[in-house]
Amino acid sequence: MNTPMSGSIEAAEPVREAGDGLGRAMAATFRRDLTAVARRPGDALTPLVFFAMVITLFPLGISPEPERLALIAPGVLWVAALLSALLSLDGLFRGDFEDGTLEQLLLAPHPLSLLVLAKVAVHWLTTGLPLALMAPLLGVLLALPQGSYLALSATLALGSGCISLIGAIGAGLTVGLARGGMLLSLLVLPLFMPVLIFGTGAMGAALGGGEWLGHLAVIGALLSVALMAAPVAIAASLRISIHG
Amino acid sequence: MRLCLEARQLACERDGRWLFRGLDVVLKAGEVLRVEGPNGSGKTTLLKILCGQIADVDGEVRWQGRALPRARADLLANLLYLGHAPGIKANLSALENLRWYQALGGEGRPDAELEAALAEVGLAGFEDVPTAQLSAGQKRRVTLARLVSSRRALWVLDEPFTAIDVAGVAALERRLASHAASGGAVLVTTHHPLSNVPGVRRLTMDGQRQVAS
Amino acid sequence: MWAFFHKLGSPRWFYGIAARLSPWCWALALALILVGSVWGLAFAPADYQQGNSFRIIYVHVPAAFLAQSIFLALAASGFVFMVWKIKIADMAAAMMAPLGAAMTAIALLSGSVWGKPTWGTWWQWDARLTSMLILLFLYLGVMLIRRAFARPQSGAKAASVLAMVGVINIPIIKYSVEWWNTLHQPASFTITERPAMPVEMWMPLLIMVLGFYAFFAAFTLTRTRTEILRREGHKRWVKELFEERP
Amino acid sequence: MMAFESLAELVSMGSHGPYVWTAWGATLGFLLLSVILVRGESRGVRRTLRRRLRRDAAVASSPSEDQDEG
């Protein structure tokens with residue numbers, strides 16, 4: 001049926017059904033975003049440097065004595081990590097919005113909420129996870145007592161997943177706005193508070209020598225709720241920002 | 001199955017004003033439909049409605065005879081939409097950009113064919129250069145390479161002729177004509193007369209924004 | 001059923017119905033709040049522990065109830081607007097949001113004023129007050145996002161999505177704040193936890209709560225009618241309406 | 001049956017008066033204020049609408065170029 005035409009490329013494809021290929025589309029989006037981050041490692045470092053800088057403010061602001069620092073260490077580490085992750089959320093869709101690829105993502109014949117999941121996964125992998133791995137290092141700076149380093153990393157690793165997912169809803173809503181970054185943090189910070197409470201709660205329990213896996217399980221539960229509910233909201237907010 | 005996109009009695013209200021009302025559009029295989037009208041007359045909005053991107057409008061859009069909300073995935077599987085923005089990631093190479101579009105659309109063309117498409121738009125040798133380092137004209141041609149590399153039946157192009165030199169315009173017109181001749185369909189907004197594209201139909205948006213009552 | 005549902009969506013029909021309903025709501029609100037105030041302030045017995053500062057419960061609890069109910073109403077009308085495209089739902093949501101935020105602020109204010117004689121400090125990180133504070137931030141977020149977009153229609157959809165996301169998080173926030181509270185403060189006396197209240201204590205409270213809900217209904221009906229005129233002013237039925245009355 | 005013997009006692013409420021009256025004053029004050037604001041808003045919108053309708057009517061009656069069909 002394809003009548004050969006002048007150029008080397010054959011004629012248009014006959015009209016076809018929307019095949020599967022969802023997995024391939026998500027994998028391709030995941031790989032593309034990962035390559036984009038790899039090409040500009042500076043962007044991925046910014047949240048980590050911000051995290052370290054915020055941590056160094058506290059000994060200067062409060063006191064260098066290890067005993068006093070140890071008291072505030074769990075809370076300060078978690079809040080600083082949360083703010084660093086929040087900082088990087090504004091760029092989650094903004095790059096794609098400006099160069100037009102976000103509009104093309106909405107045009108793919110696959111459910112947008114799953115494609116968006118691939119982008120959020122890259123954000124977590126390049127922001128949330130590094131913050132969680134770096135946190136113990138900064139824990140030493142704040143004389144964080146022994147026994148809660150693992151709790152710190154584990155809760156941050158899972159908790160930053162929630163932050164990426166819920167934060168992406170705010171990022172989707174504010175991607176089209178000129179000064180959306182400030183508004184974004186105001187929209188999503190209230191939604192991060194439960195994760196913060198259980199994150200620092202787990203560290204407190206670990207410090208007391210008690211069981212902290214229960215707290216981690218609650219963060220895991222929050223993460224699974226976010227995994228189920230957030231993508232739909234992210235897709236809806238992107239459609240609002242792009243098509244109004 | 002012959003391509004057929006049609007819209008019945010489309011009416012779109014934007015913030016209290018009728019962008020257009022009672023609009024009928026039919027686009028069949030082999031046709032090139034040019035949408036023209038003053039700026040702000042709703043050309044881009046009409047395109048987005050016909051691609052199923054904007055849904056809260058009156059009237060009905062049908063793809064292959066099926067109403068849009070249900071037929072939306074099939075429409076998108078056959079759609080190639082080029083908007084105002086280039087749709088190219090700056091720190092990725094032209095080839096990587098095309099590869100992403102192939103996977104997104106589930107077409108899975110081999111790299112050789114993508115490189116051939118880039119060569120055909122005059123980007124031979126620039127396949128692996130990050131597009132940030134290409135000139136504006138070259139970036140434009142990477143976008144147009146999608147027309148060559150992706151064989152979707154329905155092309156919807158929003159002002160594709162902007163920032164293209166004379167030779168580029170002629171090449172693009174030839175490509176639109178050959179796509180229509182081979183059974184595809186083109187819906188395009190442009191201020192360009194499309195003089196040497198045979199059988200161009202025109203849809204004029206009068207831009208008369210009556211009050212929505 | 002669908003005809004009724006669709007009629008409900010037509011601004012013109014709602015404009016007429018609200019015109020007849022709102023005076024009654026205003027009257028009911030006035031009556032209930034008046035009776036509740038006099039009863040709560042002058043006739044209800046003082047609390048054996050807190051003395052007369054307990055009378056603040058008659059404004060604190062109704063405001064707190066309204067604060068949470070209005071956010072639920074925001075999410076519900078947001079859902080109705082997004083799914084069935086009923087514009088009236090969005091108009092009502094836009095109009096009631098400020099009242100919800102104000103009620104949250106009043107609950108916080110009255111709660112901390114009440115806390116002063118009880119705990120000796122103006123602010124106490126009590127579970128209820130903390131949840132109320134977070135609810136206030138959610139309200140501000142919904143109101144700000146609505147105005148952040150160039151096109152009012154996009155702002156309306158964004159506010160609806162955010163309200164729905166917020167309402168899913170409210171129980172999670174409440175549960176985690178309460179857990180956090182017990183973690184750091186062993187069962188401290190929360191200002192509204194009461195053993196069984198005698199009838200002459202909870203009756204004025206019930207009247208005040210009903211009065212506040214009547215106020216909410218009247219407030220929303222009246223402001224939504226104004227919003228209809230704002231948004232549909234160019235429509236023919238509005239012109240005819242105003243041409244009859246000079 | 002009254003909880004207080006005299007008006008003075010009602011006002012002082014045994015040292016809790018300032019707190020109670022502040023909380024009540026703020027709440028009832030807000031309710032009153034919002035009633036006033038809502039009525040003002042309603043009257044303002046109606047006034048601007050009437051003025052616009054009169055202006056449109058004036059334009060419509062004079063030989064107008066675009067027929068503003070409602």
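In what follows, chains carry the letters A, B, and so on, assigned in the order in which the sequence lines appear, proteins first and then strands, with residues in each chain numbered from 1.
- The backbone N or O of P86(B) lies less than 3.5 Å from a partner atom in the side chain of T143(B), making a donor-acceptor pair.
- Both the backbone and the side chain of K89(B) have a heavy atom closer than 4.5 Å to some heavy atom of chain A.
- Remark: the backbone N or O of F93(A) is not paired with any side-chain donor or acceptor of K119(A) at under 3.5 angstrom.
- Of the atoms belonging to L92(B), heavy atoms from both backbone and side chain fall under 4.5 Å from chain A.
- By the 4.5 Å heavy-atom criterion applied to side chains, R146(B) and Q104(A) are counted as neighbours.
- The backbone N or O of G100(A) lies less than 3.5 Å from no partner atom in the side chain of E103(A), so there is not a single donor-acceptor pair.
- Under the 3.5 Å distance criterion, the side-chain polar atoms of T131(B) are left unmatched by any main-chain donor or acceptor of L134(B).
- You'll find the side chain of L112(A) stays beyond 4.5 Å of the side chain of I234(A), heavy atoms only.
- The choice from L107(A), L102(A), D96(A) that makes the most heavy-atom pairs within less than 4.5 Å of chain B is L107(A).
- A 4.5 Å side-chain heavy-atom check between V32(B) and R201(B) finds every atom pair outside the cut-off.
- Contact residues of residues 96-104 of chain B toward chain A are E96(B), W100(B), Y101(B), A103(B), L104(B) (heavy-atom distance under 4.5 Å).
- Side-chain contact between W155(B) and L176(B) is present, with at least one heavy-atom pair separated by less than 4.5 Å.
- Annotation: residues 39-57 of chain A contacts chain B through R39(A), R40(A) [non-hydrogen atoms, separation under 4.5 Å].
- When side chains are defined from C-beta on, W124(A) does not count as touching I163(A), because their heavy atoms never get closer than 4.5 Å.
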Is there a side-chain contact (heavy atoms from CB on, under 4.5 Å) between F126(B) and L118(B) once you walk through the steps? CA-CA 8 Å; F126(B) 291 90; L118(B) 285 171; over 6 Å; no

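- Using a 4.5 Å cut-off between heavy atoms, R31(A) does not touch chain B at all.
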Begin with the C-alpha distance, continue with both residues' side-chain angles, and end with the deciding distance and a verdict on side-chain contact (heavy atoms from CB on, under 4.5 Å) for E159(B) and H191(B). CA-CA 8 Å; E159(B) 306 288 349; H191(B) 297 294; 3.9 Å; yes

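- In this structure, the side chains of V122(A) and T126(A) come closer than 4.5 Å at one or more pairs of heavy atoms.
- Listed by sequence position, the residues of residues 168-191 of chain A in contact with chain B number zero, using a 4.5 angstrom heavy-atom cutoff.
- Judged by distance alone, with hydrogens and angles left aside, the side-chain atoms of Q64(B) form a donor-acceptor pair with the main-chain N or O of C4(B) at under 3.5 Å.
- Proximity to chain A (any heavy atom under 4.5 Å) is shown, for T44(B), by neither the backbone nor the side chain.
- The shortest distance between side-chain heavy atoms of R8(B) and V26(B) falls below 4.5 Å.
- Here V61(B) pairs with L5(B), A7(B), L10(B), I49(B), L50(B), L68(B) under the side chain to side chain contact (heavy atoms under 4.5 Å, CB included) rule; sequence neighbours left out.
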